[in-house]
Trainee: 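Below is one structure. I have some questions about it.
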Amino acid sequence: MRLSVVFMLLLLSQALLAIDYDQDKPFGFCTRSSRIDAASIYDVTGGGCYTYPIPKDFTGKVVVLRSNGQDMKHTIEEAMMNDENKVIILDGSNGEFLVSSNVRIGISDKTLLGINGARIRTKWYVTDEIRAKLDAAGVPSMSTSGGGGTLPNGARVREEAEYNTRKMIIEMTGDMSESYRNSGILSFRGCSNIIIRNITFIGPGSIDVGGNDLISCIGSKNCWIDHCSFMDGMDGNFDITGKADFITISWCTFSYTKHSYMHQNTNLVGYSDREQPGYLNTTFAFNWWGEGCKQRMPMARVGKIHMLNNYFSSTTASNCINPRVNSEFLIEGNYFESGVKRYYSQTQATAVAWALSNHAVEDNQMGVPTSLGDVVTVPYDYMVAPYNKVPTLVKTNAGATLFR
C-alpha cells in the first residue's frame, strides 16, 4: 500500500512538472505588473499569437519576411513599426538576415517569431586582421578603467584599451564616424507587450569599443524573450536598462565564439548605480550560459532578479551571477558545471536568497555563496526543477529549438 502511494505521488509530481514547464506558456515577471502583488496580472500576448503554425482563427495581420541576401535592417524595422502588423515571422529558408546596424523599435503589442532556422547576423564582424593588430599592440593587457585619450575624430575616450582599439580600427578602415559601433541587432525603447521567440542572434564579436548590444531593452515593459540563441554581442548579448520592467528571459542560450576578443560580458541589468529604484524586475529561467561567457550572467542593479533553474558551463567565467547595489536576487535550482569555479559574488546588494536547491560541482573561488537581507519573494507561482535534471533539461530545450 505504501509503495502504491509513493508511486501515485511520483506520478502527480511529474504531471505538475509537465504543466509548469509548458514551454509555450509565458511565466515569471513578464506576466505581472507589480513586483510584490501576485494579483496584479498582465496578459502578455505580444501581437495576439506567439506559436507556429499560426492558428487558422487568428485575425491579426501576419507578415512573413525572407532574406534577400542584402541589408535587411529597414525591411525588419518597417515591418515591426507598422501598426497593422501584429505578428512578424522571420523565415530562414532563404538564409541569414543581415543587418548593418540596430533595428530600432518604439512600438508595442508585437510578436517576432523565427521559423526554418531563422538567424539574424550583423554585417560587420571582428576579423582575424583586427585581432592580430590588437594582439600586436598589447591591447588585452591595457587598462579598462583609465588612461584613454582623444581619437582622430575628436572623440574623447577614458579607457586605455578602448581608446587603442577604436584608434586602430579607425586607422585600418578610415571610418571616422565609427559606424561599426552600431553593430547590434534589436533595440526596444519604451515598448510594452513584446514577445520574441525562436531566433538566433549573431553579433560581430565582443570588443571593447563601447558599442551596441545584440538586444537592448530600454524602458520597455512586459516583454517575453524565449527560446532564442545569442552569441558574440559587441558590448553585451542582452542588456536591460533605463527603467525597463517586468521582463522574462526563458530557455535562451548565451555564448561567444572565436570572433569575440574582449568584453565577453553577456547580460547587464541596470546601466549604472544611478538606475531609479523600483524597476528592472526580471526573471531568468532555464537559460544556458555556455562557451566563452566571462562575466554578467547576469550582473544586475536595483531590480528584483529571479534566477531559476539556469545552467552554467562556461569554464572561462570570471564571475557568473553578480548582484550589485540595490538589487534583490532569488537564486534557486541553478547548476554550475565542472570547471565553473567563479560563479557568484555580490557588492552592496539589498538582499540575496541563495537556496539550497542550487548545485555547483566545484567550490566557488570567490567565497561561499550565502543569503543576506530580508527574504526575497516573487509575485507568481512556479516550481523548482531538481538540480540534477537541469543540465539535460536545459541543454535539450534551450535556444532556437521550437517549431521544427
Trainee: Hey, mind stepping through Arg181 and Arg166 against side-chain contact (heavy atoms from CB on, under 4.5 Å) and telling me if it holds?
Mentor: CA-CA 9 Å; Arg181 295 176 67 223; Arg166 290 171 62 180; 3.3 Å; yes
Trainee: Given the rule in the side-chain contact (heavy atoms from CB on, under 4.5 Å) test, do Phe336 and Tyr344 qualify, once you have shown the distances and angles that lead to the verdict?
Mentor: CA-CA 10 Å; Phe336 302 90; Tyr344 173 80; over 6 Å; no
Trainee: Around Tyr380, counting heavy atoms of other residues, nucleotides and ligands shown, do more than 12 lie under 6.0 Å from its OH?
Mentor: yes
Trainee: May I ask you to test the Ser314-Val340 pair for a side-chain heavy-atom distance under 4.5 Å?
Mentor: no
Trainee: Within a reach of under 6.0 Å around CG of Asp128, are more than 12 heavy atoms found that belong to other residues, nucleotides or ligands?
Mentor: no
Trainee: Side-chain contact test, heavy atoms from C-beta onward, threshold under 4.5 Å: evaluate it for Thr347 versus Val325 and give yes or no.
Mentor: no
Trainee: Which value, rounded to the nearest 0.5 Å, describes the distance between Thr266 atom OG1 and Arg296 atom CZ?
Mentor: 10.0 Å
Trainee: Quick check on Asn388: does its CG atom have over 12 non-hydrogen neighbours (other residues, nucleotides or ligands) under 6.0 Å away?
Mentor: yes
Trainee: Using a 3.5 Å distance criterion without hydrogens, assess whether the side chain of Thr396 forms a donor-acceptor pair with backbone atoms of Leu393.
Mentor: no
Trainee: Provide the closest heavy-atom pair for Glu275 versus Leu280 in the form atom of the first, atom of the second, distance.
Mentor: CD-CD1, 3.9 Å
Trainee: Flag the pair Glu171 and Lys133 as a salt bridge only when some basic side-chain nitrogen lies within less than 4.0 angstrom of an acidic carboxylate oxygen.
Mentor: no
Trainee: Go through the steps to decide whether Glu96 and Ile202 satisfy the test side-chain contact (heavy atoms from CB on, under 4.5 Å), and finish with yes or no.
Mentor: CA-CA 10 Å; Glu96 294 179 332; Ile202 306 172; 4.0 Å; yes
Trainee: For Ile41, does the CD1 atom sit with more than 12 other heavy atoms under 6.0 Å from it, leaving out its own atoms?
Mentor: yes
Trainee: Are the side chain of Asn309 and the backbone N or O of Val390 linked by a donor-acceptor pair below 3.5 Å?
Mentor: no
Trainee: Please report the closest heavy-atom contact between Asp232 and Asn237, naming both atoms and the distance.
Mentor: N-OD1, 3.6 Å
Trainee: Rounded to the nearest 0.5 Å, how far apart are CZ of Arg324 and CD1 of Ile305?
Mentor: 13.5 Å
Trainee: Give, for atom CD of Glu328 and atom OG1 of Thr350, the distance between the pair rounded to the nearest 0.5 Å.
Mentor: 6.0 Å
Trainee: Among Asp245, Asn267, Thr248, Ile247, whose side chain to side chain contact (heavy atoms under 4.5 Å, CB included) with Thr282 holds?
Mentor: Ile247
Trainee: Nearest 0.5 angstrom please: Ser100 OG to His74 NE2, how far?
Mentor: 6.0 Å
Trainee: Counting N and O atoms only, with roles assigned by atom type, does the side chain of Asn310 sit under 3.5 Å from a partner on the main chain of Trp288, one being a donor and the other an acceptor?
Mentor: no
Trainee: Do Asn85 and Lys110 make a side-chain contact, defined as non-hydrogen atoms from C-beta onward lying under 4.5 Å apart?
Mentor: yes
Trainee: With heavy-atom distances below 4.5 Å as the criterion, would you say the side chains of Tyr180 and Ile169 are in contact?
Mentor: yes
Trainee: At their closest point, which heavy atom of Arg66 faces which heavy atom of Met72, and how far apart are they?
Mentor: O-CE, 3.4 Å
Trainee: Checking Glu78 side chain against Met80 main chain: does a donor-acceptor pair fall under 3.5 Å?
Mentor: no
Trainee: Give a yes or no on whether Glu84 atom CD has more than 12 heavy-atom contacts from other residues, nucleotides or ligands under 6.0 Å away.
Mentor: no
Trainee: Is the shortest heavy-atom distance from the side chain of Met168 to the side chain of Leu134 under 4.5 Å?
Mentor: yes
Trainee: Check whether any side-chain heavy atom of Ile215 lies under 4.5 Å from a side-chain heavy atom of Phe230, and answer yes or no.
Mentor: yes
Trainee: Parallel, tilted or perpendicular for His359 and Tyr387, by the 30°/60° rule?
Mentor: parallel
Trainee: Looking at Thr253 and Gly399, would you say the former's side chain and the latter's main chain have a donor-acceptor pair under 3.5 Å?
Mentor: no
Trainee: Can you check whether Glu337's main-chain N or O pairs, donor with acceptor, with Tyr343's side chain at less than 3.5 Å?
Mentor: no
Trainee: Starting at CZ of Phe312, measure out to SG of Cys293 and round the result to the nearest 0.5 Å.
Mentor: 9.5 Å
Trainee: Would you sort out whether Asn182 and Asn102 count as a side-chain hydrogen bond (donor to acceptor under 3.5 Å, both in side chains), showing the intermediate values?
Mentor: CA-CA 6 Å; Asn182 294 318; Asn102 262 359; over 6 Å; no
Trainee: Can you check whether Ala355's main-chain N or O pairs, donor with acceptor, with Asn358's side chain at less than 3.5 Å?
Mentor: yes
Trainee: Would you say that more than 12 heavy atoms from the other residues, nucleotides or ligands in this model lie under 6.0 Å from the CD of Glu362, or not?
Mentor: yes
Trainee: With rounding to the nearest 0.5 Å, note down the distance linking CD in Gln365 to NZ in Lys341.
Mentor: 6.0 Å
Trainee: Just by distance, with hydrogens left out, do Tyr382 and Thr283 show a side-chain donor and acceptor under 3.5 Å apart?
Mentor: no
Trainee: Check whether the side chains of Asp43 and Thr45 place a donor and an acceptor atom closer than 3.5 Å, and report yes or no.
Mentor: no
Trainee: Any Lys/Arg nitrogen of Asp24 or Arg197 sitting under 4.0 Å from an Asp/Glu carboxylate oxygen of the other?
Mentor: yes
Trainee: More than 12 heavy atoms of other residues, nucleotides or ligands under 6.0 Å from NZ of Lys86: yes or no?
Mentor: yes
Trainee: What closest approach, in Å, do Trp289 and Pro298 show between heavy atoms, and which atom pair accounts for it?
Mentor: CZ2-N, 4.5 Å
Trainee: Between Asn164 (side chain only) and Ala137 (backbone N and O only), is there a donor and an acceptor less than 3.5 Å apart?
Mentor: no
Trainee: Which heavy atom in Leu402 sits nearest to a heavy atom in Asp226, and how many Å separate them?
Mentor: CD1-OD2, 4.0 Å
Trainee: Does a sphere of radius 6.0 Å around CZ in Arg156 hold more than 12 heavy atoms from other residues, nucleotides or ligands, not counting ones at 6.0 Å or beyond?
Mentor: yes
Trainee: Evaluate the side-chain proximity of Pro55 to Cys49: yes if any heavy-atom separation is below 4.5 Å, no if none is.
Mentor: yes
Trainee: What residue among Phe201, Phe284, Phe254 forms side chain to side chain contact (heavy atoms under 4.5 Å, CB included) with Phe238?
Mentor: Phe254
Trainee: Output, in order, the C-alpha distance, side-chain angles, deciding distance and verdict of side-chain hydrogen bond (donor to acceptor under 3.5 Å, both in side chains) for Asp239 and Tyr271.
Mentor: CA-CA 8 Å; Asp239 286 3; Tyr271 72 93; over 6 Å; no
Trainee: Indicate the ring-plane relationship of Tyr311 and Tyr335, choosing parallel, tilted or perpendicular according to the 30° and 60° boundaries.
Mentor: tilted
Trainee: Which heavy-atom pair separates Ala161 from Asp208 by the least distance, and what is that distance?
Mentor: CB-OD2, 3.7 Å
Trainee: Between Arg131 (side chain only) and Ser260 (backbone N and O only), is there a donor and an acceptor less than 3.5 Å apart?
Mentor: yes
Trainee: For Asn326 and Arg301: C-alpha separation, side-chain torsions, deciding distance, then whether side-chain contact (heavy atoms from CB on, under 4.5 Å) applies.
Mentor: CA-CA 6 Å; Asn326 296 327; Arg301 305 172 173 96; over 6 Å; no
Trainee: Among side-chain atoms of Ser108 and Asn193, is any donor-acceptor pair under 3.5 angstrom?
Mentor: no
Trainee: Give a yes or no answer on whether the side chain of Asn222 reaches the backbone of Arg32 with a donor-acceptor pair at less than 3.5 Å.
Mentor: yes
Trainee: For a 4.5 angstrom cut-off between non-hydrogen side-chain atoms, does Asn212 reach Ser187?
Mentor: no
